[in-house]
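Encoded as structure tokens, the structure appears first; notes follow it.
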Amino acid sequence: MKKKALAFALCVLLLTGCSGPAVETDGTAMLSEEVKYVALTFDDGPHEDTTAALLDGLKERGAAATFFLIGTEIAGKEDLVARMGAEGHQVGNHTWSHLRLETAPPETVVYEIQRTDEAIGAILGGSGYWLRTPYGLLPQSGETLLSVPLVKWSVDPRDWESRNKEKIVSAVMADIRPGSIILLHDIYQPSVEAALEIVDRLQAKGYWFVTVEELLRLYGIAPQPGVMYRSGK
Ligand SMILES: [Zn+2]
């Protein structure tokens, strides 16, 4: 059995010289222009009551997402952050204390971003995690202070306001298009339920759910530090 498994793994890796049903597609097929990509993003977590169920649902559906974490929310929930990394999601920085950057002094802005970057790096390794600023606001000094790509959004169902699954789903379905970046918050149960229904409905329409980093790359964008991206198109 072990030898068989190894041979299968090698086939998948090489994608050549193998036949049979094991390998259904190759890399070039996934890059077809007919394929539609979108990115789900979740701010303000991780949350002990809701994030695990979201990760379970995304895993069942083979959907990747991007999580912008508040630094103060990480302690005690390191396992959730580790899961995000292990399960193919992108993890990003949403400042240490959800600070309004446009009124903060530059040294505070740098501190809020660096401390969160270090907290994520302590779990997942590395540094330079992409940033979503709270409320999408920029510091007074503009983007020049920031050394990583910034991510905004193009579809905002205002889930924090309605806290209503059906409203969130229909708002997203009304605005969605290939390249969209969808803003949600995994700290609310209706948002998590809406997110999974959105995945089901859009996958049925031929959409693929990828991380923001993958989305930009798939649409030919080379992300630059200090530049804010709102969608893949
Ligand atoms: Zn936020």
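Just so you know, ligand 1 is whichever comes first in the structure, and atom 1 is the first atom listed for that ligand. Each residue takes its place number in the sequence, starting with 1.
Listed by first then second residue, pairs satisfying salt bridge (charged side-chain N to carboxylate O under 4.0 Å, His left out) with a partner in residues 95-114 read Arg100-Glu102, not counting sequence neighbours.
Taking a cut-off of 2.8 Å, the protein N, O or S atoms nearer than that to the Zn ion (ligand 1) are Asp44 OD1, His94 NE2, His98 NE2.
Between Glu197 and Arg201 there is a salt bridge, since a side-chain N of the basic residue sits under 4.0 Å from a carboxylate O of the acidic one. Under the 4.0 Å criterion applied to side-chain N and carboxylate O atoms, Asp44 and Arg132 are not assigned as salt-bridge partners.
Using bins of under 30°, 30° to 60° and over 60° for the plane-to-plane angle, the ring pair Trp208/Tyr37 lands in the tilted bin.
When the side chains of ILVMFWY residues are joined at heavy-atom separations under 4.5 Å, either directly or via intervening members, Leu216 and Trp153 end up in a single hydrophobic cluster.
Remark: the His185 side chain and the Asp43 side chain contain no N/O donor-acceptor pair separated by less than 3.5 Å.
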